[in-house]
Amino acid sequence: MSRLPRALSTLLLGAGLAFVGPALAHGGDAGDVAIGHPFATPTVPGAKNGAAYVARLENKGAQADRLLRASTPAAASVELHSMTVDAQGIMRMREVDAIVLAPGSTVRMRPGQGVHLMLVGLREPLREGASFPMTLEFERGGKAEVKVVVQQPKPVDGAAAHPKAHPH
C-alpha cells in the first residue's frame, strides 16, 4: 500500500513540474512597472554572449523605479548595458548600474539602440523560436519572472514597408 501513494505523489509532482514552464508569463508587472514582450535575438553557433531586450518597460507609477539586475539559467550572468554612437560614428557599449524608469515613462529596448541586457556566458546558442526564463529585479517593484522568446527583431519606424535585400 505504501508504494501506491509514493507512485501517485511522484506522478502528480511530475505533472506539476511539466506545467511550470508554460505557466511563466511572457511579460508581466513588477510593482508599477509593466514589462512588455521580453525577447532575445538568435546567436550564431559558438557565440559566448547574446542580447536580450524588453520591447516596453513602462512605469505607470508616480515614483521613479530602476531595473537593478537580471538573471537567467540560459547564461552565466546578465549585464545591463547602454549603447551609444559617438560623433565619429563609433558604437560604444558600457555596463550600467541600473536602467532608470522615470514616473510615467516608457523605456523601449531595441537591437542596435540604447539599453539592452547582455547575456554573458551563454549555456547554448539562442535559436529562433526557443524561449528561456529570466528574472528582472527592480528597486521598488521587486522581482518579476518572465519568459524571453528568441526571435529575429521586428522592423520598427516604417521599416516594414522596405523588405530586406537578399544576397545573391
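What you see below is based on every heavy atom in this structure, not just the backbone, and it leaves out hydrogens, waters and symmetry mates. Keep in mind that this is a model prediction, so the values were computed, not measured.
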Residue pairs meeting salt bridge (Lys or Arg N to Asp or Glu O under 4.0 Å), one or both in residues 81-100, sequence neighbours left out, come to D86-R92
Under the ring pair (Phe, Tyr, Trp, His ring centres under 6.0 Å) rule, collect the residues that match up with Y53, sequence neighbours excluded. F39
Remaining members of hydrophobic cluster (4.5 Å side-chain criterion), M83: M91
Inter-residue atom distance N49.CG - H81.NE2, 0.5 Å rounding: 8.5 Å
Are the side chain of D65 and the backbone of G141 linked by a donor-acceptor contact shorter than 3.5 Å? yes
Heavy-atom pair with the smallest gap, counting every atom of V148 and A40: CG1-N, 3.6 Å
Linking I/L/V/M/F/W/Y whenever their side-chain heavy atoms sit closer than 4.5 Å, directly or via other members, would V107 and V96 fall into one cluster? yes
The complete set of salt bridge (Lys or Arg N to Asp or Glu O under 4.0 Å) pairs with one or both residues in residues 68-83, sequence neighbours excluded, reads R69-E137
Heavy-atom closest pair, residues A30 and G142: CB-O, 4.0 Å
Please report, to 0.1 Å, the donor-acceptor pairs under 3.5 Å made by any side chain of residues 116-124, with sequence neighbours excluded.
residue: R123; atom: NE; partner: P73; partner atom: O; Å: 3.1
residue: R123; atom: NH2; partner: A75; partner atom: O; Å: 3.4

Side chain to side chain contact (heavy atoms under 4.5 Å, CB included) between L80 and V115, intermediate numbers included: CA-CA 7 Å; L80 308 178; V115 293; over 6 Å; no
Qualifying residue, where the test is side-chain contact (heavy atoms from CB on, under 4.5 Å) with F138 and the options are D32, N59, I35, L68: I35
Contacts of A47 that satisfy side chain to side chain contact (heavy atoms under 4.5 Å, CB included) - sequence neighbours left out: T43, V44
Can you list the residues that meet the salt bridge (charged side-chain N to carboxylate O under 4.0 Å, His left out) rule with R56, with sequence neighbours excluded? E58
Could you pull out the closest heavy-atom pair between A64 and R140, with the gap in Å? O-CD, 2.8 Å
Could you pull out every donor-acceptor pair under 3.5 Å between side chains of residues 125-135 and any protein atom, sequence neighbours left out?
residue: E128; atom: OE1; partner: Q152; partner atom: N; Å: 3.1
residue: T135; atom: OG1; partner: E145; partner atom: OE1; Å: 2.8
residue: T135; atom: OG1; partner: E145; partner atom: OE2; Å: 2.8

Does anything in residues 85-107 form a ring-ring contact (aromatic ring centres under 6.0 Å, His included)? List the pairs, not counting sequence neighbours. none
